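Below is one structure; the comments refer to it alone.
Each ligand, and each atom within it, is numbered from 1 in the order the structure gives. Quantities reported herein were computed from a predicted structural model and do not represent experimental measurements.
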Amino acid sequence: MKTVLVSGGTSTLGRAICTRFVEEGYTVYCAYASSKEKATSFAASLGPSLIPLHLDVQDQQSIAQGCAHLQSLDVLVNNSGVFSVFPTEELEETEWQRIFDVNVTGMFRLTKQVLPLLRQARGNIINIASINALHPGFGGTTCYDASKGAVVSYTKALAAELAPEVRVNAVAPGLIAAPYLDKDHPLRQLYEKRALLSQLIEPDQVAQVVSFLNGCCAMTAQVITVDCGYLAG
Ligand SMILES: NC(=O)c1ccc[n+]([C@@H]2O[C@H](COP(=O)([O-])OP(=O)(O)OC[C@H]3O[C@@H](n4cnc5c(N)ncnc54)[C@H](OP(=O)(O)O)[C@@H]3O)[C@@H](O)[C@H]2O)c1
């Protein structure tokens with residue numbers, strides 16, 4: 001049976017990605033850092049193909065311990081990510097480092113740890129970037145935007161380095177629908193006003209593209225935007 005590891009597997013997007021891979025018959029390692037209870041109840045709802053795994057991408061020991069459970073790996077989805085909003089004058093260097101440590105260095109740490117298994121399986125990696133990597137800041141998001149820009153560059157450089165054994169692609173989602181974004185939320189209204197399709201992106205619509213990239217063996221070093229036409233609006 002094929003195996004996938006999804007970091008941040010209990011997040012809004014992580015759940016959709018895990019669910020899709022379970023539906024496709026994969027054994028899914030759903031990695032969590034702090035959300036143990038969410039991971040346990042998610043596993044209970046999806047059945048034995050979903051296996052919760054504790055893995056903090058900021059902690060090399062936690063990564064090594066979590067990955068020690070893996071005997072093989074076909075797909076790595078680097079989905080963990082943190083976000084915050086501070087104008088530059090109020091952005092502390094410690095916060096800059098935290099965002100980069102999770103979004104960029106954490107991606108590197110986890111990728112390095114599982115690379116021998118991915119090489120063995122001639123597998124593939126899908127990194128979750130953001131349209132913020134491609135779009136001038138929404139205001140106060142310089143650090144997040146720069147971190148996601150680094151994810152895009154890392155994806156392309158890694159794809160060149162690992163070819164032809166391992167493919168590496170990225171998905172750059174726009175604003176993903178979540179319970180806190182009710183129809184009156186200003187961010188949602190701003191997004192829907194500009195997006196050509198006048199809507200937010202459903203988590204499973206991003207998961208669909210992750211699944212497509214996993215299946216399409218002709219694709220590497222690509223960044224696919226899933227934004228309901230926001231960037232073109
Ligand atoms: N939501 C959006 O509109 C949007 C748009 C574009 C791109 N994205 C990207 O899509 C990805 C998922 O976003 P989301 O909104 O679904 O996430 P989210 O709900 O905000 O959750 C963040 C996830 O990151 C994990 N995480 C945080 N610190 C971690 C660490 N040190 N080690 C391992 N995992 C850690 C969390 O795990 P625990 O809860 O277990 O701590 C959680 O699963 C992120 O990379 C995000 O930047 C999101």
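For atom 5 (C) of ligand 1, the nearest non-hydrogen atom of the protein is Gly174 O, 3.2 Å. At the top of the distance list for atom 31 (N) of ligand 1, counting protein heavy atoms only, stands Asp56 OD1, 2.8 Å. Shortest contact from atom 36 (C) of ligand 1 to any protein heavy atom: Gly8 CA, 4.5 Å. Atom 41 (O) of ligand 1 has as its closest protein heavy atom Ser34 OG, 2.6 Å. Regarding atom 39 (O) of ligand 1, its nearest protein heavy-atom neighbour is Ser35 OG, 2.5 Å. Scanning the protein for heavy atoms near atom 40 (O) of ligand 1, the closest one is Ala33 N, 2.7 Å. Looking from atom 16 (O) of ligand 1 to the surrounding protein, the closest heavy atom is Leu13 N, 2.9 Å. Counting protein heavy atoms only, atom 42 (C) of ligand 1 is closest to Ser11 CB, 3.8 Å.
Within the set Val82, Thr12, Ile17, Val77, the minimum heavy-atom distance to atom 28 (N) of ligand 1 is found for Val82. Summarising the contacts of atom 24 (O) of ligand 1 with Gly81, Pro173, Ala16, the nearest heavy atom is found in Gly81. Looking at Asn79, Asn127, Thr10, Ile176 and measuring to atom 11 (C) of ligand 1, the nearest heavy atom belongs to Asn79. Between the choices Gly9, Gly66, Ser80, the shortest heavy-atom distance to atom 35 (C) of ligand 1 belongs to Ser80.
Residue Lys148 places a heavy atom under 4.0 Å from ligand 1. Under the 4.0 angstrom criterion for non-hydrogen atoms, Ala129 is in contact with ligand 1. Heavy-atom separations between Leu55 and ligand 1 include at least one value shorter than 4.0 Å.
Annotation: Val57 places an N or O atom under 3.5 Å from an N or O atom of ligand 1; distance criterion only.
Taking every heavy atom of Tyr32 and a limit of under 4.0 angstrom, the matching atoms of ligand 1 come to 40 (O). Near Ile128, the atoms of ligand 1 lying under 4.0 angstrom from a non-hydrogen atom of the residue are 9 (C), 10 (O), 11 (C). Taking a cut-off of under 4.0 Å to the non-hydrogen atoms of Leu175, the atoms of ligand 1 that pass are 3 (O). Set against the non-hydrogen atoms of Ser130, the atoms of ligand 1 under 4.0 Å away are 6 (C), 7 (C).
With rounding to the nearest 0.5 angstrom, the OG atom of Ser49 is 11.0 Å from the OH atom of Tyr29. To the nearest 0.5 Å, the span separating CD on Gln113 from CG on Leu55 amounts to 8.5 Å.
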Could you go through Glu95 and Arg98, starting from their C-alpha distance and side-chain angles, then the distance that decides it, and tell me whether this counts as salt bridge (Lys or Arg N to Asp or Glu O under 4.0 Å)?
CA-CA 5 Å; Glu95 177 62 0; Arg98 184 185 74 90; 2.9 Å; yes
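Using a distance-only test at 3.5 Å, with no hydrogens or angles considered, no donor-acceptor pair links the side chain of Arg15 to the main chain of Pro203. The closest donor-acceptor contact from the side chain of Ser7 to the backbone of Asn79 lies under 3.5 Å. No side-chain donor-acceptor contact under 3.5 Å links His54 to the backbone of Ala31. Using modelled atom types, one side-chain atom of Gln205 and one backbone atom of Glu202 make a donor-acceptor pair closer than 3.5 Å.
Among pairs with a residue in residues 178-199, those fulfilling salt bridge (Lys or Arg N to Asp or Glu O under 4.0 Å) read Arg188-Glu192, at least two apart in sequence or across chains.
Only the side chain of Tyr144 comes within 4.0 Å of ligand 1, counting heavy atoms alone; its backbone N, CA, C and O stay farther away.
Around atom CD of Glu24, more than 12 heavy atoms belonging to other residues, nucleotides or ligands sit under 6.0 Å away.
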